[in-house]
Protein chains: 2
Amino acid sequence: MVSTPPAAVSAAAASAAGRRDSHSVESLLSVAVEVFNVRGYDGTSMEDLAKAAGITKSSIYHHVSGKEELLRLSVTRALDGLFAILDEPGAREGRAADRLEYVVRRTCLELVGNLPHVTLLLRVRGNTAAERDALDRRRDFDHRVAALAAAAIDEGDLRAGLDPRLTARLIFGMVNSISEWYRPGGRGAEKEAGELADALTALVFDGLRNRA
Amino acid sequence: MVSTPPAAVSAAAASAAGRRDSHSVESLLSVAVEVFNVRGYDGTSMEDLAKAAGITKSSIYHHVSGKEELLRLSVTRALDGLFAILDEPGAREGRAADRLEYVVRRTCLELVGNLPHVTLLLRVRGNTAAERDALDRRRDFDHRVAALAAAAIDEGDLRAGLDPRLTARLIFGMVNSISEWYRPGGRGAEKEAGELADALTALVFDGLRNRA
DNA sequence: GTCTATACCGTGATAGAC
DNA sequence: GTCTATCACGGTATAGAC
């Protein structure tokens with residue numbers, strides 16, 4: 001690769017000069033996920049990770065078995081967060097349309113609140129075992145949401161004639177796309193995320209058109 | 001990488017046995033884009049491309065200067081197709097809301113009709129010069145669509161209070177997500193694409209909710 | 001337009017001292 | 001928990017014959 005870094009990935013830029021940072025699996029993971037999200041998983045070398053973490057390549061192997069374990073840890077975390085939403089009361093009780101709306105809203109918030117891991121998950125392509133496992137679980141999630149959409153159409157709250165599978169795909173295509181541009185805005189980020197979720201939910205359920 | 005191929009990428013599987021396929025830049029490009037889209041650009045080696053094309057690595061350099069040129073050719077093609085939409089009469093004449101709807105619909109069709117190149121474009125991360133140039137042009141496209149959304153709100157056809165930039169991002173997040181699951185269905189694909197574009201446009205402008 | 005052969009470097013990973 | 005040193009391998013790319 002002829003790569004010139006997009007924006008000089010030095011997550012631990014501050015400590016870059018010092019070297020010899022002390023790391024746990026946790027701190028290493030958060031550094032790695034940042035770099036993966038800038039460079040892409042395949043585009044990231046152990047050397048890149050080492051530089052960003054402020055240690056040497058070899059030191060990384062003291063914490064994890066290799067690059068793929070870092071990926072697995074990250075996407076597992078993302079998926080656990082998403083599946084947890086489906087077990088919340090708001091996703092299990094009431095009319096299907098309301099449950100669907102709840103899941104859409106909560107998924108937005110979860111994506112924003114867990115942005116690095118979810119972003120990485122959404123970019124996984126299936127080249128390694130860890131990636132394929134993640135894709136399987138994602139498919140699972142999609143199916144459960146499509147079932148929710150189907151129920152909402154049956155109950156008459158969503159327009160008849162909608163294709164539930166397609167509808168679920170389009171909704172979550174929109175939700176997931178947030179990861180491509182959203183950057184947390186420091187304080188007020190929570191309110192910001194709520195407004196984003198509101199805007200998206202309104203668009204999906206009521207559309208853009210003015211009915212005045 | 002511990003990679004086991006996801007689905008044995010042999011675009012030219014038929015000719016795999018024979019070897020010594022004859023290639024032009026064009027035929028090589030179409031093979032390369034297929035492989036890039038399965039393996040990811042960074043995850044694809046020249047060896048992968050050579051196998052899929054049925055020639056050796058060295059032969060590829062007879063046609064192009066290297067991997068990055070194949071990427072540049074592909075994303076340029078994708079971007080040219082998208083920008084051409086903005087110059088069509090339907091995108092330039094009439095009320096802004098109608099022009100926006102036209103662009104959304106046409107973008108869906110263009111994405112489906114030019115799927116491999118557009119898919120690759122949407123996955124580009126900015127690691128190389130070719131990728132950064134592509135990202136710049138994408139941003140340009142987004143701005144022009146956001147301006148269209150702003151005009152449509154001003155004219156009163158879209159709900160007041162919408163954020164034009166956010167609206168444009170969400171719409172095209174949904175449109176672009178089609179590339180993650182859509183696979184052309186042989187004959188009838190044109191009708192299929194039209195229905196997909198209709199469904200998406202209806203969702204965006206009128207929402208899912210049943211108003212009966 | 002393809003091939004074989006090869007240069008050269010970056011890669012993921014390991015061994016073992018401190 | 002970090003380091004230096006080292007390894008085998010696979011990566012892009014080139015030279016030159018057919």
Side-chain angles (χ1 to χ4, degrees), chain A residues 1-5 9 11-12 15-33 35-36 39-74 127-131, chain B residues 1-5 9 11-12 15-32 35-36 38-74 127-131:
Chain A
M1 203 186 330
V2 195
S3 70
T4 303
V9 184
S15 65
R19 269 307 126 97
R20 287 166 186 268
D21 295 10
S22 215
H23 277 287
S24 62
V25 176
E26 203 57 31
S27 69
L28 189 56
L29 177 60
S30 72
V31 170
V33 173
V35 184
F36 287 158
R39 284 253 204 296
Y41 175 71
D42 285 319
T44 301
S45 70
M46 292 302 281
E47 182 65 34
D48 291 332
L49 294 181
K51 280 204 195 98
I55 56 178
T56 60
K57 279 193 289 180
S58 349
S59 300
I60 297 178
Y61 291 92
H62 179 75
H63 302 282
V64 293
S65 66
K67 214 171 95 169
E68 193 174 2
E69 184 179 343
L70 287 165
L71 178 63
R72 172 160 257 134
L73 286 170
S74 176
N127 282 350
T128 67
E131 295 181 64
Chain B
M1 203 184 336
V2 194
S3 68
T4 305
V9 183
S15 63
R19 271 306 125 97
R20 288 168 184 268
D21 295 11
S22 215
H23 277 287
S24 61
V25 176
E26 203 57 31
S27 69
L28 188 56
L29 177 61
S30 72
V31 170
V35 184
F36 287 159
V38 172
R39 283 247 197 309
Y41 175 71
D42 285 319
T44 302
S45 69
M46 294 302 281
E47 181 66 34
D48 292 331
L49 294 182
K51 279 203 194 97
I55 56 179
T56 61
K57 282 189 285 180
S58 345
S59 300
I60 296 178
Y61 291 93
H62 179 74
H63 302 283
V64 293
S65 65
K67 217 170 92 167
E68 193 175 0
E69 183 178 344
L70 288 165
L71 178 65
R72 173 161 257 132
L73 286 170
S74 176
N127 282 349
T128 66
E131 296 182 63

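Order of the sequence lines sets the chain letters (A, B, ...), proteins ahead of strands, with each chain counted from 1.
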Nearest 0.5 angstrom please: B:H63 NE2 to B:I55 CD1, how far? 5.0 Å
What is the distance from [atom1] of [X] to [atom2] of [N], rounded to the nearest Å?
X: A:K57; N: D:dC7; atom1: NZ; atom2: C1'; answer: 11 Å
X: A:D42; N: D:dT12; atom1: CG; atom2: P; answer: 12 Å
X: B:E68; N: D:dA13; atom1: CD; atom2: P; answer: 9 Å
X: B:E26; N: C:dG1; atom1: CD; atom2: C1'; answer: 17 Å
X: B:N127; N: C:dG10; atom1: CG; atom2: P; answer: 16 Å
X: A:M46; N: D:dG10; atom1: CE; atom2: P; answer: 18 Å
X: A:E47; N: C:dC9; atom1: CD; atom2: P; answer: 16 Å
X: B:I60; N: D:dG11; atom1: CD1; atom2: P; answer: 12 Å

Measuring from the side chain of [X] (C-beta onward, heavy atoms only), which nucleotide among [options] has the closest atom?
X: B:Y61; options: D:dT12, C:dC3, C:dG1; result: D:dT12
X: A:T56; options: D:dT4, C:dT2, C:dT11; result: D:dT4
X: A:S22; options: C:dG12, D:dG1, C:dT2; result: D:dG1
X: B:I55; options: C:dT2, D:dT12, D:dC3; result: C:dT2

Look at the side-chain N and O atoms of A:H62 and state whether any lies under 4.0 Å from the OP1 or OP2 oxygen of D:dG1. yes
Phosphate-side-chain proximity, B:H63 and C:dT2, N/O vs OP1/OP2 below 4.0 Å: yes
With sequence neighbours excluded, residues passing side chain to side chain contact (heavy atoms under 4.5 Å, CB included) with B:S27: B:H23, B:S24
To check you understand the geometry: which heavy-atom pair defines the closest contact between A:N127 and B:G43, and what is its length? ND2-CA, 4.3 Å
Hey, does [X] reach any base, or is it just sugar-phosphate, or nothing, if we go heavy atoms under 4.0 Å?
X: B:K67; answer: sugar-phosphate
X: A:T44; answer: sugar-phosphate
X: A:S59; answer: base

So does B:S58 reach the base of C:dT4 with its side chain, donor to acceptor, closer than 3.5 Å? yes
Do side-chain atoms of B:Y41 reach the backbone of B:E68 as a donor and acceptor pair under 3.5 angstrom? yes
B:K67 side chain to B:T44 main-chain N or O, any donor-acceptor pair under 3.5 Å? yes
